[in-house]
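Heads up, the thing below is written out as structure tokens.
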Amino acid sequence: MTAQVERWGVHEIRLEGPSEGNPFTDVELVATFQHRNRDVVVDGFYDGDGRYLVRFSPDQEGRWTYRTSSSVRELDGVRGELVVGPPGPGNHGPVRVAGTSHFRHADGTRHESFGTTCYHWTHTGDEEHEERTLQALAGSPFNKVRMCLLPTQNMRPPRLAFVGTEPGRLDKTRFDVTFFAHLERRIRDLQELQIEADLILFHPYDKGHWGVDDMSAEEDRFYLRYVVARLAAFRNVWWSISNEFDFNKAKTMADWDALLQHLQRIDPYRRLASIHNGTAMYVHASLYDFAKPWTTHQSIQHWDATLTAQWRAAHPKPVVIDEIGYEGDIDRRWGNLSGRDLTRRFWHTVTGGGFMGHGECYVDSTPAWISAGGQLVGESPARIAFLRQLVAEGPADWVAAREDGYRLDYFGERRYAHHDLELGEDEHLVDVIDTWEMTVTTLPGTYRGRCRIPLEPRPDLAVRVRRAA
Amino acid sequence: MSTVVQDGRTEVGCWQVVTLDLTGTAAVEATFTGPDGREAVAETVEVDGRRLVRFAPDAEGDWSWEATDGAGSPTGSGGLRCTSPGAGEHGPLRVRGTRFVHADGTPHHPMGTTALFWHHRDGQERAATLRSLAGSPFNAVRMSVLAEDARDWPDETGLDAVETAVRELAGLGVRAELVLSGPHPAVRPGAPGWEQHLRRAVARFAASSHVSWCLALDADRLGLPGEVWDESLRLLAEADAGRRLRTVHAAPGFDFGHRLITHSTVRDDGRWEAHDLVRAFAKPALLDVGAEGDAPVPGGGLTAEELVSQTWWALCRGGYGWHTEEFVERSWSRHGGTLTGAALPRLAFLRGVLEGAPDGLARNPVERHTFTLERPGHYYLQYHGLHRYSRHRVELPEDADFTVEVIDTQQLTIDRLPGTYRGGSWLELPRRPFLALRMVRC
């Protein structure tokens with residue numbers, strides 16, 4: 001019987017095979033999916049109890065055939081076909097890079113990335129807490145979550161990606177399939193909410209405790225292969241090969257290059273892939289060299305949003321400031337920005353043509369949102385929602401649209417008495433936007449030529465100019 | 001309805017072209033099913049007023065085919081028998097690791113040259129090109145499917161000229177790397193008509209086992225977003241029933257890691273940056289080393305000595321150099337004609353050295369002081385370029401004796417050093433540039 005699957009959906013081939021020995025290391029399983037003359041080669045994976053899966057997400061409608069090859073006879077030479085139909089409601093396909101500075105879903109739907117960070121929200125073992133996080137996300141402006149797979153030094157999670165519970169003694173040749181099944185359920189929950197899962201595959205915060213930030217190159221690849229085989233088929237997955245990569249003293253730049261290269265090699269779908277640097281706030285930021293072609297976008301940690309245009313000009317790849325500091329009041333300066341300050345940084349980034357991520361860590365709201373999700377108590381999310389709405393109402397490329405009479409000029413912490421513009425011959429409508437109070441006031445009449453937009457001298461204003469119809 | 005195989009052939013040697021003549025039917029493509037159940041889809045192409053499907057079976061045994069119309073309804077079917085390949089027939093190229101091999105497993109070392117529009121010249125000049133190639137060490141020519149300075153996609157006549165040339169090259173045992181687009185905005189990938197052009201060219205040429213595809217030259221300079229390359233590679237892979245090699249020619253920063261690019265083709269203007277390309281993308285790399293000649297253009301004006309030296313570097317970095325020639329008076333790189341440069345005998349010499357080397361050569365991954373191609377424990381080929389050593393240290397295995405030869409890559413001599421060597425050894429060398437060392441297990 002021919003299976004039916006929607007475009008960009010997930011088709012799973014389930015096979016029975018050996019459970020003795022260590023199937024994670026002993027059994028090779030690969031499936032080749034063919035559409036017309038094009039092959040897409042996908043790694044299968046062991047799911048415990050003698051169960052082997054191949055997970056595939058077709059990118060074209062029509063007929064696909066497949067065949068498996070395996071080191072084990074019962075998994076080898078399995079053939080079948082599937083018919084891929086149009087995407088279902090809410091399925092716009094994966095987010096991809098569009099042009100040189102933006103994102104778009106594969107079906108052409110616009111995507112402006114407004115991310116947030118909940119590093120370990122799936123690692124608490126507390127289902128109710130996870131549901132609260134999903135509720136908070138559902139009511140938030142955020143359409144991407146940065147989240148880790150591996151534990152940190154201070155965590156005592158009930159389950160880990162690898163088998164084992166004792167620090168330093170994890171079995172890095174076996175994966176905890178229950179951990180992954182749970183993670184997948186949460187990735188699907190995010191997909192239902194139209195939220196991208198920016199999966200952080202390595203981080204430097206283990207300090208050798210569990211033994212997951214200083215694995216050998218072979219162990220790293222073994223882990224990557226399993227993660228990609230299990231998760232790449234979900235269309236809302238992005239890869240962040242590491243958080244604060246340069247803080248990991250066990251790895252060199254050559255190691256990160258090789259890991260990103262390897263990731264591209266084994267990812268059948270070329271999901272968005274980048275790498276996030278660390279900073280000494282206000283001192284230095286060691287951005288990865290995004291000229292390297294194995295990154296799809298610029299994942300940046302930096303405190304200064306006004307550099308966005310500079311990064312855009314440096315490389316023809318979208319800029320995503322995944323960490324700029326968090327709203328909160330903790331004892332670290334990266335975690336005690338006011339909601340107003342974080343909102344300003346969002347506006348600077350977005351009007352500069354980039355995208356930014358949010359985070360929150362208040363002492364009185366535990367666990368911290370950035371660590372484990374939960375609830376959002378800060379002042380910035382509502383303002384970020386307002387900004388996202390304004391961006392959605394405007395042109396898809398609001399920087400390029402200046403050529404067409406559109407402007408979104410933001411003044412941030414400055415209070416100006418007026419804003420002078422040269423608008424040319426066409427008539428324009430002008431709105432004064434209060435980015436904190438979230439109001440849009442359209443000025444009477446139209447504007448053209450050299451003109452002066454009167455402003456109330458207070459901060460947090462923006463001016464939007466649109467060509468009159 | 002009768003659909004006949006042209007020439008009445010129902011038997012065809014492996015990797016040979018079989019042509020279905022579907023003239024007078026509504027067929028748009030034919031699906032071939034091989035003896036192991038694998039399928040390939042070849043689209044029809046109009047040639048001389050006939051509607052043809054060209055296909056080269058790649059497995060011995062019985063094949064069936066079914067032609068279908070635009071709605072997917074069958075318009076005809078048939079079968080053919082694929083027989084064993086002819087003598088000396090090794091089949092199309094595939095990639096194995098960072099090297100090329102023929103379908104039958106025979107290794108292939110590319111030595112290519114660029115003569116983009118040679119096939120659009122007059123008969124005399126074309127004949128000169130073919131004579132030059134026949135007497136050269138080259139086994140591949142990079143040539144354009146489009147005419148010189150094209151602002152339109154090629155018509156049937158233009159493609160006929162390419163087809164004639166592709167057939168002539170086959171007769172010489174020279175591969176045709178077909179460049180599918182041009183630099184003018186109207187004929188770039190993604191321009192109006194691109195998909196139709198691509199599918200038409202692929203339907204015509206994909207059955208020829210000595211053809212490979214290059215989507216564009218200087219791709220990084222065309223200002224096209226990544227999605228154009230993604231989409232073009234997808235279209236090419238889906239259309240190509242022959243599964244020929246697919247590449248894009250660009251500077252080292254291009255996204256050669258794309259899974260549908262079989263090998264990198266690098267405009268090697270960052271020569272020192274390029275030395276890691278083979279490893280970075282884990283696929284073979286063809287590296288432009290510039291043009292021998294006197295033309296004051298980027299990449300031009302190289303002496304034969306320099307071009308040959310760069311070709312050796314490319315080789316010992318694990319890739320392959322790619323030749324061309326450009327004199328102000330004669331542009332081989334565009335028009336072909338007669339090769340007059342002094343590089344040829346030295347490249348032929350290099351090719352001889354390479355063909356005498358064992359399979360499975362890879363660049364030594366750890367050394368820092370020079371570049372060595374090796375089959376560890378058996379064979380080492382190391383190039384020194386401009387560097388003139390009086391003494392030079394090599395680290396050979398302890399468990400065997402090795403002969404050491406000094407190859408003068410410009411004077412074309414091979415001199416064996418007296419005695420044999422094992423383990424870490426100091427060599428006394430002749431203090432000249434352009435030397436290579438060949439160390440072979442006794």
Side-chain angles (χ1 to χ4, degrees), chain A residues 32 34-42 59-60 62-67 77 79-81 83 94 96-106 108 217 221 232 254 257-270 272-273 289-297 315-318 397, chain B residues 29 31-33 36-43 55 68 72 199 202-203 206 219-220 223-231 233-244 246 248 250-262 264 266 270 273 276-283 365:
Chain A
T32 301
Q34 182 178 342
H35 175 61
R36 301 188 66 77
N37 299 298
R38 174 170 61 111
D39 286 346
V40 179
V41 180
V42 176
D59 61 3
Q60 292 292 315
R63 179 170 168 267
W64 291 75
T65 57
Y66 64 81
R67 67 178 59 212
R79 294 183 198 188
E81 63 180 76
V83 172
R96 315 186 61 170
V97 171
T100 58
S101 52
H102 287 262
F103 298 105
R104 202 160 48 210
H105 285 277
R221 287 187 178 205
D257 291 347
L259 279 168
L260 281 159
Q261 290 159 1
H262 189 69
L263 177 64
Q264 179 175 16
R265 215 168 289 147
I266 65 175
D267 178 1
Y269 316 105
R270 192 53 175 148
L272 292 167
D289 176 6
F290 292 109
K292 292 176 177 175
W294 38 85
T295 57
T296 56
H297 61 285
H315 304 293
K317 297 181 183 181
D397 185 338
Chain B
E29 65 186 34
T31 300
F32 294 81
T33 305
D36 63 352
R38 270 172 230 268
E39 294 177 8
V41 189
E43 297 183 26
F55 182 67
T68 45
R199 290 167 66 171
V202 169
D220 56 310
L224 298 173
E227 62 228 58
V228 168
W229 303 112
D230 293 345
E231 185 66 2
L233 287 161
R234 180 183 73 77
L235 289 170
L236 178 56
E238 289 183 0
D240 179 8
R243 298 168 172 250
R244 304 306 174 214
R246 288 179 296 268
V248 180
F254 191 79
D255 185 19
F256 291 114
H258 196 295
R259 296 229 305 185
L260 290 177
I261 294 178
T262 55
S264 316
V266 186
E273 180 182 4
D276 267 329
L277 282 178
V278 173
R279 208 180 307 160
F281 301 116
K283 51 181 84 167

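Remember, it's a predicted structure, so these values are computed and weren't measured experimentally. Here is how names work: the chains are called A, B, and so on, in the same order as the sequence lines, proteins then strands, and each is numbered from 1.
Taking a cutoff of 4.0 Å between a charged side-chain nitrogen and a carboxylate oxygen, B:Asp230 and A:Arg96 qualify as a salt bridge. A salt bridge does not link B:Arg234 with A:Asp59: none of the charged nitrogens is closer than 4.0 Å to a carboxylate oxygen.
Closest non-hydrogen pair, B:Arg259 versus A:Val41, comes out as NH2-O, 2.6 Å. A:Pro293 and B:Phe281 get closest at one heavy-atom pair: CG-CZ, 3.8 Å. Contact record, A:Asn37 with B:Arg243: O-NH2, 3.4 Å, taken as the closest heavy-atom pair. Listed here is the closest heavy atom pair of B:Gly37 and A:Arg79: CA-NH1, 3.7 Å.
At a threshold of 4.5 Å between non-hydrogen side-chain atoms, the residues B:Glu39 and A:Arg63 count as touching. B:Glu43 is listed as a side-chain neighbour of A:Arg36, based on a closest heavy-atom distance under 4.5 Å.
When heavy atoms are compared at a cutoff of 4.5 Å, A:Gln264 approaches chain B by way of both its backbone and its side chain. Neither the backbone nor the side chain of B:Leu224 has a heavy atom closer than 4.5 Å to any heavy atom of chain A. Proximity to chain A (any heavy atom under 4.5 Å) is shown, for B:Glu231, by neither the backbone nor the side chain. Within the 4.5 angstrom heavy-atom criterion, atoms from both the backbone and the side chain of B:Asp255 approach chain A.
To the nearest 0.5 Å, atom CZ of residue A:Arg265 and atom NE2 of residue B:His258 are 15.0 Å apart. Rounding to the nearest 0.5 Å places CG of A:Asp39 at 8.0 Å from CZ of B:Arg38.
With sequence neighbours left out, the side-chain contact (heavy atoms from CB on, under 4.5 Å) criterion links B:Pro225 to B:Glu227, B:Val228.
Considering only heavy-atom pairs separated by less than 4.5 Å from chain B, the leading option among A:Gln261, A:Lys317, A:Arg67 is A:Arg67. Heavy-atom pairs under 4.5 Å with chain A were tallied for B:Ala42, B:Gly242, B:Ala280, B:Ala282; the largest tally goes to B:Ala280.
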